[in-house]
Amino acid sequence: MANSADSSYSNLKELAVSHSQTRQENGQHLPDSSSSEVPARGPPVPNLSRLLRGKGREWEAIKAKPRPLQLLDLPVDILRLIVKEVTHTNDLTSLALTNSTLYYLTIPLIYARFDIVWPDDTVPPSDSKNVDALTYGLATLCLGSKFAQRTRWLRGSALGNMKPSQRLIDNQYAKYTRKFSLGNGPKDWTSEYMVTKESGKMLGTLVAIAVGKMVNLETFVWDMPTGVLSEVFMALASLQDHYPEGESKLERVWVRWHDNSEIPDASSSISSPIQPPPPQPLAFPPIGSTMTPVGHTLPSDFHPSVTQPIKYSESHVEYPTFSVLPPLKSLTVLDIDELAYLDEMSVLIERSRSGLRELRVGISQKARTADFAQSWDSYTLQQVDHDARWPGESQIGERRLGGVLGVLVGRIYDIRRKSAMKIQESDPTDSAPELNSTPHFNGVEEFGSANSNDAPSPLIHTDTAISGQANQRQHDVGTTSNQSSGRVGVERKRLDGKLQLETLELERVPLSLQVCTRAVDWNILTNLTILDCLFVEQLWRALKRQFRPTPPAHGSPAGAASQYHLVLKQIHTDMTSNTLISFIKETLAPNSLEVLFLQDRRRTPLPAVKVDQIFKGAIKRHRLSLKKLLLDSSDESREGRRWASWVLSSEMVSYITSGRMPNLKELSAAFDYKDWHPFLQRLPNIPQLRSLHISHILEHIAPNYEPKELALQLVDIITLRTEVQLCYVGIGSKCFEILETRPSDNSNIDIGLGGNHHGNGAIVIDVDDDNEDDGSEADEETEEDDDDDVNDDHTNGSPTDAGDDLTDASDDAGSETDSLQEGDLVGSAARLRLREILFYDDKVAIFRARHGRL
C-alpha cells in the first residue's frame, strides 16, 4: 500500500512539473513558491470548462453563495428547460405570478399559441362576462408598446415620476405567438362575424393588427366560414419585412372561405353598377362531349366568351389574398366558391414550388356545379391568364383548361405541349379540327365513351396540343383578336415543373388526370386524401398502370423482391372500389401503408366492395405497418342500415385482436354484438391500441342501449389488465376518455392514461401541440401534430364537460375503501374513471376522419 501511495504521489508530481513546464513554454508567469508551501489553486478542470460553455462567470457567482442552491439560483438556460416541461396553462399562469424571473420565462410559452375554440352549441352561454375570449385575447395582442408608453407617462406625471413596472413597458406579447388559430363553431354564433357585418370588419381589423406584430408566427389558421379581409393577408405578407433577407417564419396557412352568395348588401348595391347576370352553366357533361386525360371536351361550335376587366371597386372578392403571401410549406384552402381565389393561389404555388409540401384544396358544396369547378379540355381554353395583373383583369373566362387543378398548377406546368411555331406555319382554320382531336382513353371501360381503340394510353400518349400563345391565337380567330382589346401576346417558354408534395388532400375537386400524373411527383407523396371527387376511379387505374412494380432483373438471386415506386403511407377516400383495393394490393409494397381510412358514401343501396375484400386485399397485406384503420359504409345522411354492409365478422375481430397487427393504435369500425364480449376478452392482445371508435353495433339485445355501459366494460378490462393503453373510446354519438386517479393525489386532479392532466371543472388550453415548435416540424399537425401517437403529446386540449359527467369505474361509493381498492388493482394503485367528452377531432385521427370532409 505504501508503494502504491508513493507511486501515485510521484505520478501526480510528474504531471504537475510537466504542466508547469508547458505553462512556461507558453509564456505564462508562474508565481514563486517553495516546495513546502501549499500549491496555488490550479485552473478549472478542463471537462467542467467544456460543460460550462462560456458560463464560467455565472458558475463562480453560484459557488460564492454561502447558502444551499435554490430553484431560482440555477442558470436561466436550465430554468427555461424546466419551465418548458410545464404544459398546463393554469400552471404557467401561476408561475408567471410568482416572481419576475419566472414571469419572463413563462410569458413566451403562454402566448406561443392563440387558439379560439368555440364551445358546443348545447352549452348554455355564460352571463359572467359581457366580452368573449376572442375580444379579450385580441385586445391583449394588439395593445403594444405605445399603450405602455402612454401608461408610463401618465403614471410618471400623476405619481411624481414613479418608475413603472418593467413588465408593463415591454408587453409586446404578440411577438411570442407562433400559432394563431380561429376555429369553427356553431353557425348561429360565428355568423355574427361575417365580413359583410360591422362586427366582422372589426374582427378582421383587430386580427390584422395583431398578426402584423407576430414576427415569429409559423402557423395561421382561419377555420371560421366568415370570410377573411385582405388586410389580414397584407399583415401576413408584412411579416417578412421584419427579417433582413425577407424570409419570414410563416410556413402554414389554413383558410376556410365563406359563402359569397350571401354578400349582396343594400348599401353596396347602390354604389356599385349593376352587373350583368353570369352566363348559364353548360350541362355537365355537355351533350356530345367525350372525356380526355385533361377533362371534358366542349362542343365543336362552342366559343368562349371574352370577359372584360373590371374595376377593383366593382369586385365582390377580397384582393389581395394569397398572391402576396411569402413562400409556404403548407397551404390549405377550403370551401372555395370563387375563381379569383384559385388564380391567386396559383401565384402562391409558383412562389412556393420548391418548398411546398402540403396542399389541401376544397370546393364549396354550392359551387361544385359552377363552370370553373369542372375540368374542361378544348384548344380554345387556357389554364391561367398570364397577362392579368390581378384576377379582375382576367379575360379568359371561367371555363379553364384542366379545371381547378389546371388553374392551380397553371404557372408551373403547361398542359398544352406543342410548340407555337408549327401552329403559326399552318393555316389556323385548317389546323383547328386536328387540334381538337385530343387523345382519349383506351376502350369503353375507362369512361364509357365509344372512342377508337387505336387511341394511345393517357399516360404515354403523344401530346398533340398547343401552347398558351397558340391557344390565344386560335381564340382570336374564332372570336375577338387581342389587338382590339389592347393586349399583345408574348411568346412564353413552356412550363414543365412538378410539385414536390408529401401531402395532397382534395375535396369536391374534379380530377384532371394529366395534371395529377404529370404535375405531381408521386415518388415522394406519402399522404393522399380524395373526398367526393369525380374521376377518382380513373386515377387509381392510371396510377396502377404508371407505377407497376418492377420485377427482379434476370439473374437476380432467388427471393429477390420487386421494386416498388410509390411511398404512400396514408390513404383516405369516401369512394371505395375494387380498383382501389387492387391498387393497394398490387402497387404498394407489402407492410408499407400506415393509415387506411375507407368510406363509401355513394347513394347506392349497397357498397361496391365487400368488407372481406378489403380485409384480404388491403388490411392483411399491410397488417404489420397499419397504425390507424377506419371502415365505414354509411351514406352521407347516416340514415338507414347501409352501415351494416361493413360490419366486422367474427374472423376479422379475431384476426385484429390476435396480436398480428402490433402497430395498430386507432380503430374505427362497426361490430356485431355477438362479437363484443370476445373482443373484450382479447383486448389485452392489442395493448398498444389508444383510440377506439365503434360507429354501430349490430343486433344489440337492447334496442336503445346506453353507450356508457359498454365503455365501462372496457374500463373493467383495463383495470384488470393495466398494460392496455386505451384512452379514448367513441361509441355511436358518445365519446369518453379513460382517466387515472391515484389515491395519494388530489381528488380533483385526473390523469389520462396517455399522461394528460385535468382539473375538475377547469378550462384546458393546449399550449404546445407538437415538438416542432421547439426547433425540430407540421405539423403540423401537423398538423402539425404527431398523429401517429395521440398520447405521446405532452398536452391536452380536449373539451371537458361538467364534473358531474365523471363516473367511477370501480365499485366504491365514495366511502373509506381506498385500501381495499389498492389491493384489488393489479400492478397499480390507481383508480380509473370515465369522463364523457366531445369527440377529440384535433388529436384523434379516426374521430376527425369519420366526418368524411376536410
Side-chain angles (χ1 to χ4, degrees), residues 19 23 26 28 39-114 140-141 144-145 148 152 163-179 213-219 242-244 249 251 749 751 755-757 759 765-777 786 792-796:
H19 181 66
R23 293 180 63 188
N26 295 336
Q28 299 182 14
R41 184 176 182 180
V45 182
N47 292 336
L48 181 60
S49 300
R50 286 198 300 267
L51 292 176
L52 290 177
R53 295 181 181 178
K55 303 291 185 180
R57 184 176 301 177
E58 295 183 12
W59 174 250
E60 294 296 334
I62 292 175
K63 291 197 303 180
K65 293 185 177 182
R67 56 181 173 81
L69 292 181
Q70 298 180 358
L71 176 65
L72 297 180
D73 294 330
L74 295 175
V76 178
D77 296 340
I78 298 179
L79 284 176
R80 183 177 291 108
L81 295 176
I82 294 175
V83 172
K84 272 188 176 181
E85 298 298 322
V86 182
T87 57
H88 202 289
T89 306
N90 294 338
D91 296 336
L92 289 172
T93 305
S94 300
L95 286 177
L97 298 175
T98 304
N99 65 8
S100 58
T101 301
L102 295 177
Y103 172 85
Y104 287 114
L105 292 176
T106 55
I107 284 298
L109 300 178
I110 292 176
Y111 290 97
R113 292 187 53 176
F114 182 86
T140 303
L141 296 177
S145 58
R152 180 178 57 180
K163 186 177 179 180
S165 173
Q166 291 294 327
R167 66 183 66 178
L168 186 59
I169 296 177
D170 185 18
N171 67 340
Q172 295 283 4
Y173 301 128
K175 67 182 179 182
Y176 304 116
T177 304
R178 291 174 301 182
K179 179 180 179 181
K213 299 181 179 183
M214 299 177 185
V215 295
N216 294 311
L217 187 66
E218 300 174 1
T219 301
H242 297 278
Y243 298 90
K249 296 184 178 181
E251 296 180 348
I749 302 299
I751 304 176
N756 300 320
H757 295 259
I765 301 177
D766 202 352
V767 178
D768 194 357
D769 212 12
D770 48 13
N771 294 328
E772 302 160 9
D773 298 334
D774 295 336
S776 55
E777 160 192 165
D786 186 5
D792 288 340
D793 293 331
H794 298 290
T795 61
N796 180 29

- Spatial distance of atom OH (Tyr103) from atom CG (Leu97) [nearest 0.5 Å]: 9.5 Å
- Could you tell me whether a side-chain N or O of Asn216 sits under 3.5 Å from a main-chain N or O of Tyr176, the two making a donor and an acceptor? no
- Message: Counting C-beta onward and ignoring hydrogens, is there a side-chain heavy-atom pair between Leu71 and Ile82 closer than 4.5 Å?
- Response: yes
- Quick one: pull up OG1 in Thr177 and CD in Glu218 and give me the separation to the nearest 0.5 Å. 11.0 Å
- Query: Which heavy atom in Leu105 sits nearest to a heavy atom in Arg80, and how many Å separate them?
  - Reply: CD2-NH2, 4.0 Å
- Considering only heavy atoms from C-beta outward, does the side chain of Thr219 approach that of Arg113 to under 4.5 Å? no
- Item | Heavy-atom pair of closest approach, residues Leu74 and Leu79 | O-CD1, 3.8 Å
- Message: Between Asp91 and Ser94 (side chain of the first, backbone of the second, donor and acceptor by atom type, cut-off under 3.5 Å), is there such a pair?
- Response: no
- Rounded to the nearest 0.5 Å, what's the gap from CD1 on Ile107 to CG on Leu102? Could you check? 11.0 Å
- Message: Looking at every non-hydrogen atom in both residues, tell me the closest pair between Lys213 and Leu141 and how far apart they are.
- Response: CD-O, 4.0 Å
- State whether the side chain of Tyr111 and the backbone N or O of Gln172 hold a donor-acceptor pair below 3.5 Å, judged by distance alone. no
- Query: Got Thr93 and Thr89 here, is their nearest side-chain heavy-atom distance under 4.5 Å?
  - Reply: yes
- Side-chain heavy atoms of Thr101 within contact of Val76, under 4.5 Å: no
